[in-house]
2 protein chains.
Amino acid sequence: MNNHEKYTRYSGAQSVTEALKFLEGRWKLLILFQLFGGQIMRFSELERAIPGITQKMLGQQLKQLEKDGIIKRTAYPEVPPRVEYSLTQWGQDLCPALDALLTWTGKRPR
Amino acid sequence: MNNHEKYTRYSGAQSVTEALKFLEGRWKLLILFQLFGGQIMRFSELERAIPGITQKMLGQQLKQLEKDGIIKRTAYPEVPPRVEYSLTQWGQDLCPALDALLTWTGKRPR
DNA sequence: TTCCATACATACTTTTTTGTATGTACTTGT
DNA sequence: ACAAGTACATACAAAAAAGTATGTATGGAA
């Protein structure tokens, strides 16, 4: 099944735009790709794994992704603090869409 | 075939980010959805079809999309001028990826 | 001669996003 | 008493994207 019958030109454009808003920004995909495949990572691990990201940006984007239901945050009441991030089911469901985008860029002429 | 073996966490994230850059912005998808299905449209038709868009934004985004190889511009040397826009093959190849994104948003919990 | 339609261009302002620098809370180890 | 490690928060500045207003070239019609 495809979606051609569920959406009009307008609602289709709008829905895709909405989907992209979840992923837009300079850092979100870098964060998500760290978590694909069931990975679980701490704040400081992500910070180290993504060169150039600042704590502010990391915190901000993680908060957004969590609010959007793409990642899950788990805090352990320890000192020093420990917080773990992983994908939600819906976050994992992103894979086919990202795959399709990769396939598309792969087709680019020249 | 899927793309999991062609990309690392970094190159995958980077490639998807690059793909999204072609589509980002408030108007591009609205423009593209007007052209899907082999549609051919003039500047002024697009302007009327997309409520709220300004001539500046329309011109700017069309220029970007053309430069990126997603749409094709054809100008007829008439007065008053006539210019037609349509998708390139690569632009039409976007469909499956957008479909996948629509499917993803459709799965969103709540 | 002035007007009209089309497809833009350009200067400027506002809004949004990103980056920089610095600060905080908590507790264990020295 | 103080430094150390972790996961943030916050004020401010810079850069990028979007919006507003106005201008331009063309040639045929009135």
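Numbers restart at 1 for each chain; the letters A, B, ... are given by sequence-line order, proteins then strands. FYI, side chains are in, hydrogens and waters are out, and symmetry mates aren't considered; it's all heavy atoms of this structure. The structure displayed is predicted, hence computed values, not measured ones.
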| query | Between atom CD1 in B:Ile53 and atom P in C:dA7, what is the gap in whole Å? | reply | 14 Å

| Ring geometry between A:Trp90 and B:Trp104 (parallel below 30°, tilted from 30 to 60°, perpendicular above 60°) | parallel

| request: Indicate whether OP1 or OP2 belonging to C:dA7 is found under 4.0 Å from a side-chain N or O atom of B:Arg42. | output: yes

| message | For a 4.5 angstrom cut-off between non-hydrogen side-chain atoms, does A:Phe33 reach B:Thr8? | response | no

| request: Ignoring hydrogens and angles, tell me if any N or O in the side chain of A:Arg26 forms a donor-acceptor pair with the backbone of B:Thr17 under 3.5 Å. | output: no

| query | So, the side chain of A:Ser11 versus the backbone of A:Tyr7: is there a donor-acceptor pair under 3.5 Å, distance only? | reply | no

| Length of the CE-P vector between A:Met41 and D:dT6, whole Å | 14 Å

| request: Evaluate the side-chain proximity of A:Leu23 to A:Leu32: yes if any heavy-atom separation is below 4.5 Å, no if none is. | output: yes

| request: Kindly say if A:Ser44 contacts the phosphate of D:dT6, meaning a side-chain N or O under 4.0 Å from OP1 or OP2. | output: no

| Heavy-atom protein contacts under 4.0 Å, nucleotides 8-20 of chain C, coded B base, S sugar-phosphate only, - none | BSBB------BBB

| field | Whole angstrom value for the distance that separates P of D:dT6 from CG of A:Leu46 | value | 14 Å

| said: Quick check: closest heavy atoms across A:Tyr10 and B:Ala49, and the distance to 0.1 Å? | reply: OH-O, 2.7 Å

| message | Whole angstroms only, please: what is the CZ-P distance between B:Arg82 and D:dG27? | response | 17 Å

| message | Using the side-chain contact (heavy atoms from CB on, under 4.5 Å) definition, which of the options B:Leu30, B:Leu94, B:Leu101 pairs with A:Val16? | response | B:Leu101

| Once you round it to whole Å, what is the distance between C1' of D:dT26 and CD of B:Glu78? | 12 Å

| message | Using side-chain heavy atoms (C-beta onward) and a distance below 4.5 Å, is A:Met41 in contact with A:Glu84? | response | no

| Using the C1' atoms of the five pairs at each end, what is the angle between the end axes of the helix from C:dT1-D:dA30 to C:dT30-D:dA1, to 10°? | 40°

| To the nearest angstrom, how far is B:Leu30 atom CG from D:dA18 atom C1'? | 14 Å

| task | Answer yes if the side chains of A:Gln39 and B:Arg9 hold a donor-acceptor pair under 3.5 Å, and no otherwise. | result | yes

